[in-house]
Amino acid sequence: MFSTFQRIQQYWGFVTTVTVFLAAAISISSVIQEHYFVDIPRVSINVQSIDVRYGKPHIGYNYKRQEYSLMKFDLEADLTPLFTWNTKQLFVYLAATYPGKPYANKVVVWDAIIRSKEDAVLSLSDMTADYSIYDVTGKFNGRNATLSLEWNAQPYVGLLTWNKGSERERFEFPQPATAR
Amino acid sequence: MSDLQTLLLEGPIDFVGQQLADSVTLYFLSIAGVVAFLVGIITGDISLTSYTLALFVSAGFVIVVLPWPFYKRHPLKWLPPTTAKN
């Protein structure tokens, strides 16, 4: 620490150390906060209508017509408690899960990015899904599905966390409108 | 080099002053980190954490890096010059 430049180097070196420890403290504290002090928000999902139609696949060389499913839904959710002091934004999505072979299917039908606490109260009615569902077999065969709201909390400092609402809405894929 | 250049660029301080500058760095910045964390968690605004830290870091920079008189209170006492015996 004899000369000015030695002091600058030593001082700045300790500044970086303090910054790293501060970031670690913020990260750990927000994990604890989310785990113990934030209640999982209440969500209510209601499938208004679900429409299954035939269509041509828009990818690949398979020209066989297959079933596409597009739904309308209501969604009520208050996600404001998820905004802690370290939350930058939330990625919220409605996921439909239904059985399949060899693995069960999980398809996102609607999503949104919530950037502030003021926008975190979701109240959607008769909303058309962003994405249609199509199955790998090309047919739904009247399978049962469940719809749930899931989210990915993105912090300023720390790790991404995934969680989901406890509410599930069950629905059944109808037979296609024009069976051919 | 002129005296001003020596003072600002070289900025020599004595041994006790070096130890003091080291302790000031350690304690000042540790306290800055704790205060910045508390400010953020109490106000619920993470940008205040970084502003608080930036404020402390700039203040500490002035305190530690410049050769203040309190770093020069214990100058080395050199032995008196002796003439070599023939």
Side-chain angles (χ1 to χ4, degrees), chain A residues 1-39 41 78-90 114-121 153-161, chain B residues 1 4-68 71-72 75-76:
Chain A
M1 303 281 267
F2 177 75
S3 71
T4 304
F5 286 99
Q6 271 187 326
R7 283 196 295 277
I8 290 174
Q9 186 161 15
Q10 194 122 347
Y11 183 76
W12 201 252
F14 197 62
V15 168
T16 54
T17 308
V18 167
T19 310
V20 168
F21 274 90
L22 183 60
I26 292 169
S27 169
I28 291 167
S29 79
S30 69
V31 167
I32 292 169
Q33 193 181 5
E34 274 169 29
H35 200 268
Y36 292 105
F37 298 100
V38 175
D39 297 328
D78 184 4
L79 302 177
T80 42
L82 296 178
F83 274 87
T84 65
W85 72 301
N86 191 22
T87 308
K88 187 185 181 195
Q89 60 182 16
L90 294 174
I114 301 174
R115 291 181 203 274
S116 71
K117 205 170 186 169
E118 289 74 41
D119 301 334
V121 182
Q154 302 170 9
Y156 287 105
V157 182
L159 303 171
L160 302 176
T161 51
Chain B
M1 264 202 277
L4 190 67
Q5 272 179 321
T6 312
L7 192 69
L8 289 180
L9 288 179
E10 230 169 88
I13 56 178
D14 60 47
F15 286 126
V16 180
Q18 289 175 43
Q19 204 167 31
L20 180 64
D22 202 44
S23 315
V24 168
T25 306
L26 180 67
Y27 293 114
F28 192 81
L29 287 180
S30 306
I31 290 167
V34 172
V35 170
F37 179 77
L38 290 178
V39 164
I41 209 161
I42 289 166
T43 59
D45 187 355
I46 201 167
S47 62
L48 286 180
T49 301
S50 41
Y51 291 142
T52 311
L53 189 70
L55 203 72
F56 270 91
V57 165
S58 354
F61 190 86
V62 174
I63 295 170
V64 170
V65 173
L66 295 184
W68 294 105
Y71 292 133
K72 297 179 186 176
L76 274 187

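Chain letters run A, B, ... following the sequence lines, proteins first, then strands; residues in each count from 1. Values in this document were obtained by computation on a predicted structure and should not be read as measured data.
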Point to revise | Short side-chain to backbone donor-acceptor contact, R7(A) and G11(B), under 3.5 Å | key: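 Yes, the answer is positive, given that a donor and an acceptor are paired below the 3.5 Å cut-off.
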Point to revise | Candidate pair L22(A) and F37(B), rule side chain to side chain contact (heavy atoms under 4.5 Å, CB included), full reasoning | key: CA-CA 7 Å; L22(A) 183 60; F37(B) 179 77; 3.6 Å; yes
[atom1] of [X] to [atom2] of [Y]: how many Å apart, nearest 0.5 Å?
X	Y	atom1	atom2	answer
I46(B)	T84(A)	CD1	OG1	8.5 Å
T4(A)	L66(B)	OG1	CG	7.5 Å
Y71(B)	F2(A)	OH	CZ	15.0 Å

Practice item. Please name the pair of heavy atoms, one in V57(B) and one in W12(A), separated by the smallest distance, quoted to 0.1 Å. Key: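 Heavy atoms only, the tightest pair is CG1-CZ3, 3.9 Å.
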Review point. Which pair of non-hydrogen atoms, one from D45(B) and one from W85(A), has the smallest distance, and what is that distance?
Key: N-CB, 4.3 Å
For atom [atom1] of [X], is the number of surrounding heavy atoms from other residues, nucleotides or ligands below 6.0 Å larger than 12?
X	atom1	answer
Q19(B)	CD	no
L76(B)	CG	yes
K88(A)	NZ	no

Point to revise | Which of D14(B), L29(B), T25(B) touches chain A most, by non-hydrogen pairs under 4.5 Å | key: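 Ranked by heavy-atom pairs under 4.5 Å with chain A, first place is L29(B).
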Point to revise | Per-residue contact mode, S29(A) against chain B (heavy atom under 4.5 angstrom) | key: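 The side chain, not the backbone.
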Review point. Is it the side chain or the backbone of V15(A) that comes within 4.5 Å of chain B heavy atoms, both, or neither?
Key: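 Interface part for V15(A): both.
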Practice item. Answer with side chain, backbone, both or neither: which region of S30(B) has an atom nearer than 4.5 Å to a non-hydrogen atom of chain A? Key: both
Practice item. Check whether F56(B) gets within reach of chain A through its side chain, its backbone, both or neither, counting any heavy atom under 4.5 Å. Key: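 Contact with chain A: backbone only.
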**Study point:** Heavy-atom side-chain contact between L26(B) and F14(A) under 4.5 Å
**Key:**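 Counting from C-beta outward, L26(B) and F14(A) do come under 4.5 Å.
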